[in-house]
Amino acid sequence: MSSIKISDRLKNVLRSATRVTVFTGAGMSAESGVPTFRGVDGIWKKFKPEELANFDAFMKNPDLVWEWYKHRKQIITDIKPNAGHYALAEMEALYRKFSIITQNIDNLHRRAGSKEIFELHGNIERNYCVGCGKFYENQEVTEQKRAPHCPACGGLIRPDVVWFGEMLPADEWNGGVEASEHCDLFFSIGTSAVVFPAASLPQIAKASGAYVVEINIEQTDFSARADEVLIGKAAEVLPVILKISKELISQK
Ligand code: BJW
């Protein structure tokens with residue numbers, strides 16, 4: 001943990017910043033036991049996204065897609081937020097404005113105690129009917145082996161997540177853009193930064209003048225444009241950043 005080097009420049013920004021925005025991807029939850037999408041053990045190594053994470057695939061084979069999400073719901077039910085999620089939740093109290101924009105559907109930021117969260121790709125704990133739009137909690141539907149049908153209209157019920165080719169929820173997206181445009185410090189954490197439009201947010205933050213820090217176990221497509229890249233696990237780097245932020249802010 002102590003081997004992570006935080007530059008003086010970042011320390012200065014951590015001390016002076018009032019608005020901090022954090023953008024997270026699957027690597028954020030890796031230490032909790034949620035598989036990433038494109039890593040060595042990534043989900044897409046076993047399943048092709050076009051077979052599972054799009055609306056046409058769901059309508060063609062709803063039971064297969066439902067089974068896959070049911071499996072992932074089970075993983076998420078069984079796990080807990082990690083030290084990185086808890087560090088971010090604690091950092092929220094240190095800054096005047098602190099926003100989390102997440103691509104993750106696992107609800108772990110909320111479970112760790114973070115308050116301002118924009119969920120760009122939905123939340124696996126919710127479901128809705130493709131026919132009438134009625135929402136269903138997981139408890140109401142996950143017991144079912146096959147894709148469930150809506151008791152109200154008979155339509156298929158799907159997870160409330162954003163599949164390829166679908167628009168992101170407007171309020172969450174607009175909130176995420178606003179938080180990226182108006183921050184002093186922006187962290188891009190545990191994302192390969194290849195899925196758009198989400199991957200444009202670090203670029204928006206950079207173009208708007210934020211100091212942009214990437215935290216990842218390896219370089220990404222975005223690394224060359226970041227002001228600073230911290231190579232390490234989110235669950236190990238973030239507690240170090242929290243500790244330094246607390247020290248710097250207490251000295252102000
Ligand atoms: C660690 C770590 C540790 C590991 N610590 N780090 C150009 C060409 C073709 C298509 C497009 C295009 N531009 C846009 C598109 C369309 C498409 C897209 O971007 N495709 C690209 C792949 C090219 N985008 C869309 O379709 C989006 N909608 C859209 O554009 O609407 C407008 C539109 C409408 C109609 C027609 C056309 C356009 C929607 C995207 C929805 C993405 N959905 C998913 C599934 C969600 C539900 C589910 O979970 O099942 O979202 S796909 C998947 O990717 C998921 C993720 O949120 C998302 C991003 O992945 P993420 O989080 O970055 O994970 P990984 O695995 O890629 O990376 C993990 C990283 O962590 C790695 O870097 C590791 O190194 C690191 N790591 N352990 C720190 N411990």
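Everything numeric here is computed off the predicted structure, so don't read it as measured data. As the structure lists them, so they are numbered: ligands from 1, and atoms in each ligand from 1.
- Among pairs with a residue in residues 77-131, those fulfilling ring-ring contact (aromatic ring centres under 6.0 Å, His included) read His85-His109, Tyr128-Phe135, at least two apart in sequence or across chains.
- Under 4.0 angstrom from ligand 1, the non-hydrogen atoms of Val161 all belong to its side chain.
- In terms of hydrophobic clustering, with Ile, Leu, Val, Met, Phe, Trp and Tyr side chains grouped at heavy-atom distances under 4.5 Å, Leu168 and Ile117 are assigned to different clusters.
- A pairwise comparison of heavy atoms in Asp227 and Lys206 identifies OD1-NZ, 2.7 Å as the closest pair.
- The heavy atom nearest to atom 3 (C) of ligand 1, out of those in Pro159, Gly27, Gly25, is found in Gly27.
- Residue Leu168 has no N or O atom closer than 3.5 Å to an N or O atom of ligand 1.
- Numbered from 1 in the order shown, with element, the atoms of ligand 1 that lie under 4.0 Å from a heavy atom of Met167 read 32 (C), 34 (C).
- Only side-chain heavy atoms of His121 come within less than 4.0 Å of ligand 1; its backbone N, CA, C and O stay farther off.
- Between the side chain of Asn216 and the main chain of Gln219, no donor-acceptor pair closer than 3.5 Å is present.
- For ligand 1, one of its N or O atoms has an N or O atom of Thr191 under 3.5 Å away.
- Evaluated by nearest non-hydrogen atom to atom 75 (O) of ligand 1, the leading choice among Val65, Asn216, Val237, Ile231 is Asn216.
- Of the listed options Arg38, Glu31, Met28, Arg38 places a heavy atom closest to atom 54 (O) of ligand 1.
- Looking at Pro197, Ser192, Ala193, Ala235 and measuring to atom 67 (O) of ligand 1, the nearest heavy atom belongs to Ser192.
- Which parts of ligand 1 touch Ala26 is read off a 4.0 Å heavy-atom cut-off, strictly below it: atoms 61 (P), 62 (O), 64 (O).
- With a 4.0 Å heavy-atom cut-off, ligand 1 is reached by the backbone of Val194 but not by any atom from C-beta on.
- Here the closest heavy-atom approach between residue Glu166 and residue Val161 is recorded as OE1-O, 3.7 Å.
- Applying the 4.0 Å criterion to heavy atoms of Gly165 picks out, from ligand 1, the atoms 25 (C), 26 (O), 34 (C), 35 (C), 36 (C).
- Contact detail for Ile189 and Met28: the closest heavy-atom pair is CG2-SD, 3.9 Å.
- With hydrogens and angles ignored, the 3.5 Å screen pairs a side-chain donor or acceptor of Asn127 with a backbone N or O of Tyr136.
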Exercise for review: Output, in order, the C-alpha distance, side-chain angles, deciding distance and verdict of salt bridge (Lys or Arg N to Asp or Glu O under 4.0 Å) for Lys73 and Glu125.
Suggested key: CA-CA 7 Å; Lys73 282 173 193 204; Glu125 296 195 352; over 6 Å; no
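- For the residues Phe37, Phe164, Tyr69, the heavy atom positioned nearest atom 52 (S) of ligand 1 is part of Phe164.
- Listed here is the closest heavy atom pair of Ser114 and Ile100: OG-CD1, 3.2 Å.
- Closest heavy-atom contact between Arg126 and Asn138: N-OD1, 4.4 Å.
- Counting heavy atoms only, Glu166 comes closest to atom 31 (O) of ligand 1 of the residues Glu119, Arg72, Glu218, Glu166.
- At a cut-off of 3.5 Å, with distance as the only test, no side-chain donor of Ser180 or Thr21 sits close to an acceptor on the other residue.
- Contacts between Thr36 and ligand 1 below 4.0 angstrom, taking non-hydrogen atoms only, involve backbone and side chain alike.
- Looking at ligand 1, you'll find an N or O of Val162 within less than 3.5 Å of one of its N or O atoms.
- For Ala30, every heavy-atom contact with ligand 1 shorter than 4.0 Å involves the side chain, none the backbone.
- Each of the atoms 48 (C), 49 (O) of ligand 1 lies under 4.0 Å from some heavy atom of Ile105.
- Phe58 pairs by the ring pair (Phe, Tyr, Trp, His ring centres under 6.0 Å) definition with Trp163, not counting sequence neighbours.
- Proximity of Trp163 to ligand 1, defined as any heavy-atom pair under 4.0 Å, is confined to the backbone N, CA, C and O atoms.
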